[in-house]
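A quick write-up on the structure given underneath.
Chain A is the first sequence line, chain B the second, and so forth, proteins listed ahead of strands; every chain is numbered from 1.
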Amino acid sequence: MKTLTKAATTGLLFGVGGVYLALVGLLEMMQARPIVFGAVNLGQAVLALLALACGVVAARDAGPAFARAGAGLLGGLVAGALMALLQVIVATVPLQGMFIAASPALRNMLAFGFAPGPGALAMLLGGGIGGLAGAVLAVTLPSLRRAIVAGAAAVVIAGVFQELIQLMMQYEGIIGWIRDFVYTWQGLRPQGAVAIFVIAGGTSLVLSHRSSADHVPSPDERRRRRFISAGVALLVLVLMPLLAGAYIGEVLMLVGLYILMGMGLNLEVGLAGLLDLGFVAFFAVGAYTTALLTSGSSIGLLHLSYWEAMPIAVLISILGGVLFGLPVLGVRGDYLAVATLGLGEIVRIVVLSDFAAPLLGGPQGVLDIPKPSIGSFELGSPVKLFYLTLVCAGVAAFIAWRLENSRLGRAWEALRDDEDVAQALGVNLIRSKLLAYGLGAAFAGLGGSIFATMLGSVYPSSFQLLISINVLALIIVGGMGSLPGVVLGAIALIGLPELLREFGEYRYLFYGAALIVMMRWKPEGLWPSEVRSRELHAAAGEAEPVAAMEPG
Amino acid sequence: MALLELSDVQVFYDKIEALKGISLSVEAGRIATLVGANGAGKSTTLRAVSGLIHPRAGTIRYDGTTLAGRQPHEITAMGLVQVPEGRRIFGRLTVEENLAMGAFTRHDRRGIAEDRERLLQLFPRLRERLRQVAGTLSGGEQQMVATARALMARPSMLLMDEPSMGLAPMLVEQVFETIRTINADGVTILLVEQNALMALSIADHGYVLESGRIVLSGPGRDLLDDERVRHAYLG
Ligand SMILES: Nc1ncnc2c1ncn2[C@@H]1O[C@H](COP(=O)(O)OP(=O)(O)OP(=O)(O)O)[C@@H](O)[C@H]1O
Ligand SMILES: [Mg+2]
């Protein structure tokens with residue numbers, strides 16, 4: 001009985017989630033992205049994924065196999081029923097006055113192209129089958145499950161990012177032949193989808209077979225493997241703009257800037273535990289310093305070259321960070337977050353003000369910022385600037401890594417855990433905190449400096465609070481205090497949404513969902529630092545959080 | 001000669017006067033104790049000495065120099081180290097890393113390694129648990145970590161705030177035994193305790209604190225026999 005109630009509740013939850021996605025218009029928008037051309041679109045894939053996930057969750061802890069299958073089926077049916085109900089309501093009641101997304105097109109999609117009656121039946125059945133499949137998937141062999149998931153994920157990626165991938169395959173010969181086999185110009189061919197599924201799934205099977213056959217990998221080995229795969233991924237990222245051109249170059253450039261800022265904020269929040277919501281101020285300082293020093297317009301001060309201005313911008317940012325830190329030295333925890341929020345806004349408002357306008361250009365900003373050049377070679381295009389960002393991020397990462405393992409890094413961690421004790425052990429509170437602000441600001445300032453030359457102009461409106469929040473979100477998702485986590489977080493929260501640009505208006509919905517999901521299932525982040533995962537696991541050893549959340 | 005000397009120290013928390021002008025001194029190489037009820041101002045005294053709060057009036061002198069206006073880390077660097085109340089260890093770090101943090105101000109690798117070895121002899125239980133995350137240790141073990149961590153700084157004087165709090169009687173005995181051993185190694189100790197019986201019996205000199213004032217002082221043994229002390233603290 002309890003299992004059934006739980007399965008039904010799960011179905012209800014997933015159903016409500018689906019209804020929500022439909023009514024905010026996301027589902028219909030996703031439907032416009034084909035995965036397999038003419039067969040499966042992203043919207044349907046998301047529905048299927050919801051049904052599967054519903055089945056997995058409903059079947060968890062349901063006991064014997066047949067009970068699990070039943071629970072999965074029930075969950076899927078309930079979720080499907082809700083979606084079917086939505087479809088019928090959209091068909092009969094004019095809802096569009098309230099929900100603009102409740103359009104005939106949405107109804108048509110939810111009914112799989114059938115009339116309302118048969119469509120509802122199809123959705124109900126589809127939900128049930130999906131839920132059942134999810135439950136079955138949850139009890140199959142782990143290696144098989146992994147293979148299926150890997151195959152499906154590969155197909156979705158290949159389909160959703162088809163434009164980008166095709167762009168990278170603009171060659172004659174073997175690559176061209178593969179491209180034509182897999183893709184039409186509009187999307188994946190069915191045969192391509194099958195091939196990708198088989199190859200990705202098969203690879204996963206072979207890999208898991210090889211690793212599980214003789215031994216469980218030791219933590220060290222797992223770490224090494226993770227670093228190797230990260231290295232390969234990084235190499236791909238580095239080479240991608242060369243192959244795929246300006247658009248991906250721009251996206252990766254943005255990712256690079258956020259990585260720079262993420263590394264800076266990571267020193268402050270991740271290591272020193274200083275929750276800073278005014279971080280964008282340092283980004284602004286770096287950008288404006290560069291702008292004022294190099295701009296060819298009348299507001300420009302010295303007309304320096306970019307390379308002369310960049311180090312000065314970083315230095316001024318450090319100074320800014322220290323000045324910023326002074327008034328909040330004695331402020332801790334939640335109060336610090338609010339205080340820094342205020343400081344960040346003050347910077348933006350000062351830049352906007354008439355008072356500073358003669359110097360900073362006010363709302364008109366500073367224009368005519370030159371591009372950097374090496375000799376006579378100008379780094380003019382996004383791709384070239386991306387490589388500049390990459391080099392800077394690499395250097396910054398090295399510095400951040402050295403800092404983390406330095407005496408200063410340990411002082412920060414001690415301060416973060418317990419200020420009084422840290423001081424009792426000889427940590428200089430004032431100096432360590434100011435250094436955290438100053439060095440954190442240096443990274444953001446460098447990012448700002450590149451940002452200025454990238455756009456060729458700076459405006460106060462570019463330095464919104466939202467940037468601080470984005471940076472904070474990416475280090476939380478990546479894993480507090482972890483350098484690889486910053487990279488992963490930036491790719492996941494900045495790069496992905498940028499690639500799926502048509503979903504731009506739903507970006508923060510995606511953020512919110514990603515944050516909630518992370519906090520619920522992987523609070524330590526995508527690539528946690530060692531200390532942090534240790535902390536969370538020690539805590540989980542005492543009380544199983546999942547069990548505690550279950551409805552009684 | 002007095003290593004630590006407080007004269008007429010007054011501390012306020014906003015408008016609350018927590019210390020109403022206290023004077024005490026601790027001789028080098030000795031154990032002194034400050035006993036008193038909850039809220040008497042014992043922790044406040046130690047926090048004032050460590051530089052975590054600043055007295056409104058009065059002077060604190062350590063080894064002949066005044067501590068006024070010094071930052072906590074400077075005071076630590078002078079060899080005056082506090083083991084705070086409630087064993088505030090770094091719960092996310094391992095025992096080993098906690099000990100390493102204790103040696104934060106030191107650069108002599110050799111000496112650090114030697115001291116670590118010496119401390120692991122003093123606390124054999126910690127040796128078995130070097131790799132354990134300190135937050136998962138038992139209360140008694142955490143107290144050991146807190147004490148060992150402070151000793152890693154190679155202090156000349158240790159300020160201990162209620163090291164026996166919340167421990168079983170047998171462990172309490174052990175804690176006081178350890179304090180004696182540390183003192184025998186040449187570390188001067190100012191011990192704050194609610195367990196007046198134990199504290200006074202190992203202390204060379206004792207002070208009784210009541211609502212921010214020192215109401216009694218004398219050699220530990222004498223205080224133990226004192227009628228008023230027996231009545232108020234020993235039941
Ligand atoms: N941060 C603070 N702000 C305001 N008042 C405080 C603060 N810390 C302590 N006090 C007050 O100062 C007085 C002395 O506190 P203190 O912590 O020194 O007592 P204690 O003798 O160490 O007590 P216990 O044995 O319970 O630890 C108490 O009345 C307490 O309420
Ligand atoms: Mg106390």
Side-chain angles (χ1 to χ4, degrees), chain A residues 218-220 269-273 326 329-330 332 403-436 479-482 523-525 528-544, chain B residues 43 46-47 49-53 70-107 131-137 142 145-155 157-161:
Chain A
S218 69
D220 262 1
V269 181
L271 293 186
L326 276 174
L329 260 181
R332 294 188 194 184
L403 274 173
E404 239 180 86
N405 298 299
S406 68
R407 251 170 74 78
L408 186 58
R410 275 186 293 141
W412 282 336
E413 288 196 86
L415 279 178
R416 179 192 141 150
D417 281 1
D418 192 325
E419 285 190 3
D420 290 352
V421 172
Q423 292 188 81
L425 295 176
V427 171
N428 185 336
L429 175 100
I430 295 177
R431 201 180 60 185
S432 306
K433 275 196 177 180
L434 289 183
L435 275 174
M480 280 267 192
S482 148
E524 69 269 38
S529 74
E530 203 188 329
V531 170
R532 183 138 177 90
S533 61
R534 225 196 267 155
E535 166 191 11
L536 283 156
H537 288 229
E542 288 155 20
E544 184 63 39
Chain B
S43 300
L46 293 194
R47 288 169 60 81
V49 174
S50 301
L52 289 170
I53 43 177
R70 282 184 204 259
Q71 295 286 319
H73 72 272
E74 295 172 311
I75 294 175
T76 302
M78 294 168 76
L80 187 56
V81 175
Q82 180 172 182
V83 186
E85 187 175 16
R87 31 195 108 93
R88 285 149 69 173
I89 50 159
F90 297 117
R92 310 184 297 146
L93 304 185
T94 61
V95 172
E96 205 167 19
E97 289 162 341
N98 265 280
L99 296 186
M101 269 313 298
F104 183 78
T105 49
R106 296 174 58 182
H107 299 282
R131 293 281 164 82
Q132 190 171 333
V133 179
T136 62
L137 295 172
Q142 292 191 7
V145 173
T147 310
R149 186 182 59 189
L151 287 171
M152 284 298 289
R154 203 178 257 187
M157 178 164 183
L158 207 56
L159 306 168
M160 303 187 78
D161 198 343

Test log, rule salt bridge (charged side-chain N to carboxylate O under 4.0 Å, His left out), inputs B/Glu85 and B/Arg47: CA-CA 10 Å; B/Glu85 187 175 16; B/Arg47 288 169 60 81; over 6 Å; no
Between B/Val95 and B/Phe90, is the side-chain contact (heavy atoms from CB on, under 4.5 Å) condition met? List the steps. CA-CA 9 Å; B/Val95 172; B/Phe90 297 117; over 6 Å; no
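A donor-acceptor pair is defined here as one N or O able to donate and one able to accept, closer than 3.5 Å; such a pair exists between the side chain of B/Thr76 and the backbone of A/Ala424. The backbone N or O of B/Leu159 sits nowhere less than 3.5 Å from a side-chain atom of B/Gln82 that would complete a donor-acceptor pair. A/Arg416 places a side-chain N or O within donor-acceptor distance of the main-chain N or O of A/Gly270, the cut-off being under 3.5 Å.
Atoms CG and OG, from B/Leu52 and B/Ser43 in turn, are 11.0 Å apart once rounded to the nearest 0.5 Å. With rounding to the nearest 0.5 Å, the separation of CG in B/Leu137 from CD1 in B/Ile89 is 6.0 Å.
Residues B/Gly51 and B/Pro72 approach most closely at O-CG, 3.5 Å, considering heavy atoms.
Of the listed residues (A/Leu429, A/Asp420, A/Ile430), the one with the most heavy-atom contacts under 4.5 Å to chain B is A/Asp420. No other option in B/Gln71, B/Arg88, B/Arg149, B/Met152 has as many heavy-atom pairs under 4.5 Å with chain A as B/Arg88.
Heavy-atom proximity under 4.5 angstrom to chain A picks out B/Glu97, B/Ala100, B/Met101, B/Gly102, B/Phe104, B/Thr105 from residues 97-106 of chain B. Close approach to chain B, defined as a heavy atom under 4.5 Å from one of its heavy atoms, is seen in A/Arg407, A/Arg410, A/Ala411, A/Glu413, A/Ala414 of residues 406-414 of chain A, taken by number.
Considering only heavy atoms from C-beta on, B/Arg92 comes within 4.5 Å of A/Asp417 through its side chain. Side chains of A/Val269 and A/Met480 form a contact here, defined as non-hydrogen atoms less than 4.5 Å apart.
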